[in-house]
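Worth knowing before you read on, the calculation uses all heavy atoms, side chains too, and leaves out hydrogens, waters and symmetry mates. Letters A, B, ... are given to chains in the order of the sequence lines, protein chains preceding strands, and every chain is numbered from 1.
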Amino acid sequence: MYGKGLLKGLSVTLSRFFYTYWDDLVWFWRRITKGKRRYYSPEGIAHRSSKEARGIFTVQYPEEKLPVPEEFRYLPFLVYDEGLDGTKEIRCTSCGICAKVCPPQCIWIVRSTDPATGRPRPQPAEFYIDADICMNCGLCAEFCPFDAIKMDHDYEMASYTRTLLNLDRLLKPASYYASIRPLNAAREEEARKAKLASKAAKAEAKAA
Amino acid sequence: MIAPDSTTTIDLVARFPSVVTPDTRPGYSGWIVDPAHLTEVATAIRNEFSYDLLSSVTGVDYYPDKMEVVYHAYRTTGGPALVFKVQIPRHNPVVPSVTPIWKGAELQEREAWDLLGIRFEGHPDLRRIFMWEGFAGHPLRKDWKEPFYEEDVKPFKSRWPEGKHLPAEMRTPLQDNLFFPPGFDPEAFSFQDPDQAAYEALRRQHRPTDEDGIQTDVIIINMGPQHPSTHGVFRAAVMLDGETIIGLKPIVGYLHRNHEKIGERNTFLQNMPYTDRLDYFNSMSNNFGYALAVEKLMGIPVAERAEYIRVIMAELSRIQNHLVWFGMMLNDLGAMYTPALYAFEERELILDIFEATAGSRMMCNYFRFGGVARDVSEDTLRKIHDLVHDRLPRKIDEMDRLLTENEVLVSRLKGIGYLSAEDAIRTSMTGPMLRASGVPYDIRRADPYSIYDRFEFDVACHPEGDMYARYQVRMDEVRESIKIIKQALKQIPQGPIMSVKPSYQIKVPPGEAYGRVEAPKGELGFYIVSNGQPNPWRYHVRAPSLINLTSLEMMCIGEKIADFVAILGAVDIVLGELDR
Ligand code: SF4
Ligand code: SF4
């Protein structure tokens, strides 16, 4: 019958239309009984991005934001450990691996020198990332041997001017890193501890 | 599907003594053909040895000695490639064109002329393709330097240890980067208007006459580059007789950034995120092809678990690509946005999986040589499991109900944009386009790579050769991909995800390799030449989006101008890959 395919297709749109409002009713009931809301709530957003979602699928950005997964990467930042007296112990040793591996070559590092001896010190004097050029690939974080550079989750970076990140803007505490990437941070912490322990054991063995 | 016959060895030297010699350079394979006899040898390769599908044609600049043109031909019944090359002097590189034998070489030879300056004698329309007429030089030649040129290869020395930041615009092209050809006089400089050149080519190839043999008048109109249905900045000069298309020339290059030159400046690893930007819908497939090629060169295996992860990701990528294709195809037919947005919902769920594993929705940068960058968590595997067992099949069926029998869709697609199997092979079509013309050629079966030989799946194939067949092939393919993922999820072992230690300094022995995958849009190939340095000497991408346009004119001739948009949409092009 001519038109059967059309009707079949229209039934799909109709059921989608129906479910949008039906789900509103379902969620209305949930709100009364369990206090769960369909919009502007974490459970509502999680539902709309799950396999159960039907009808309305969209998220009302910026009022609502999708949670980003741990591995999400945006721009890199530099990690520092907080010293006991509040000093920033920058992890970066200015080894230059990230600058070498960076595909668009947007990392610029000035190695610092000891003013007394003139010899290089394991600390960056200046560290720039040209955020306009960075392609968010994450290779710098992947290959830094000191866990000093990591990928940030903050994606709201729109600005009216060019964005050049310097040391001031790049440095973030290790606690922040642990808050956005808990699993990774814990794994790396463990590896570091194991390394220290094996070093200590070796030193002891040597001493003995 | 006919089993790939890889056992027959071809001996071209026995057939053509003194014309063909085997390529004996270490790391190289194939045959070197005397350019004077190329046509003869190529004809035999196609007709006697039945290598009917010319996959890739490209040039290599072996600065300062010579140029080389490399051909990869395949049999549509399956099996490995026959590689043959011609070598020519750098100062006057002229090669006979193989377009009379394989029409599929047409756009690729134009590309080689444009970027490397190799002249193909007998080519019907040898114009520049990506650069504009009047452009000085051929950018892929090793002695050609771009504006903002810093060094031949990365990493640049200025970045560390004295990396005082210098914005790119401070290195203006007006300083020592500005370069004029010797004897250049801006007053006297003239070149042919590229538009006129394209129109002339059209007029040369199509001389419309009425029934009395009197030449009739035609109009040429331009579709694009800004037309909303052209899927990006793509333009076609269309020659019309009334409303009927009688000739067509695709005009491309608006998004050209010379991906290959960038790739030759990059180190091997640095290219990985750049491949994401080719077909930005399918960065997983792009990674796959590039990783295969480099792994072939390096001769390293891939970790078992990583193989499965790769296949799962590549197939998820195919599903979302085809879903978007359904939506966009319907957009092109005038069904604005409803199907497209339905498709985007499922795509969103797949992109969430990419984001959780690779860290980015579209620019995945996920594959590494020997494995993948990170493991897939159990949580994500469960999500994939739920998707392929529950949601996706349901939603594909819904899409099917929404579209497949819709009378408007059927009448717009059936019988339009016809391409015969013979023409499809001759014009080097690959992917769903080729299979919709009745040629069951799928690289996952015909020349299996990775672990595709372990999965049970059917090659989607429809013999009609029209747009409806292209639609059906893609519908079937989505279902087959779901099948593959289901099997892969069952078989995936625990274990390491890298077969070698991850390193940013990758040692690649000298040689050449061609890695190809069945990307959602067609055969995506990477031809890579290494000379043992940290950077590839030649990095070529065989882009299905570009090469599938070879037959666009054939499919459009005789159709109405209103159908052009749909025919183009059915090819499934993406400009990031087409223009590179
Ligand atoms: S961030 Fe890491 S890789 Fe980069 S210079 Fe510092 S220590 Fe080296
Ligand atoms: S994310 Fe990639 S592009 Fe950005 S700074 Fe790191 S290595 Fe460079």
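- Heavy atoms closer than 4.5 Å to chain A are found in the side chain of Asp390(B), but not in its backbone.
- Contact of Glu348(B) with chain A is made through the side chain alone, with heavy-atom distances under 4.5 Å.
- Contact annotation for Pro104(A): both backbone and side-chain heavy atoms come within less than 4.5 Å of a heavy atom of chain B.
- Only the side chain of Leu164(A) comes within less than 4.5 Å of a heavy atom of chain B; its backbone N, CA, C and O stay farther away.
- With a 4.5 Å cut-off on non-hydrogen atoms, Tyr342(B) touches chain A through its backbone and its side chain both.
- Between Glu345(B) and Arg16(A) there is a salt bridge, since a side-chain N of the basic residue sits under 4.0 Å from a carboxylate O of the acidic one.
- With hydrogens and angles disregarded, a donor-acceptor distance shorter than 3.5 Å links the side chain of Arg391(B) to the backbone of Lys51(A).
- Listed options Lys4(A), Met135(A), Glu52(A) were ranked by heavy-atom pairs under 4.5 angstrom with chain B; first place goes to Met135(A).
- Proximity to chain B involves both the backbone and the side chain of Tyr2(A), based on heavy atoms less than 4.5 angstrom apart.
- Interface remark: Arg374(B) contributes side-chain atoms only to the contact with chain A (heavy atom separation under 4.5 Å).
- Among residues 70-81 of chain A, the residues having any heavy atom closer than 4.5 Å to a heavy atom of chain B are, in sequence order, Glu71(A), Phe72(A), Arg73(A).
- With a 4.5 Å cut-off on non-hydrogen atoms, Ser50(A) touches chain B through its backbone but not through its side chain.
- Only the side chain of Leu349(B) comes within contact range of chain A, with at least one heavy atom under 4.5 Å from a heavy atom of that chain.
- One N or O on the side chain of Arg159(B) and one on the backbone of Gln105(A) form a donor-acceptor pair closer than 3.5 Å.
- Listed for the Trp160(B) side chain is a donor-acceptor partner under 3.5 Å among the backbone atoms of Ser94(A).
- There is no contact between Arg265(B) and chain A, counting heavy-atom distances below 4.5 Å.
- Identified under the side-chain hydrogen bond (donor to acceptor under 3.5 Å, both in side chains) test for residues 127-137 of chain A, with sequence neighbours left out: Glu126(A)-Tyr128(A), Asp130(A)-His165(B).
- Residue Ile107(A) touches chain B through its backbone alone, counting heavy-atom pairs closer than 4.5 Å.
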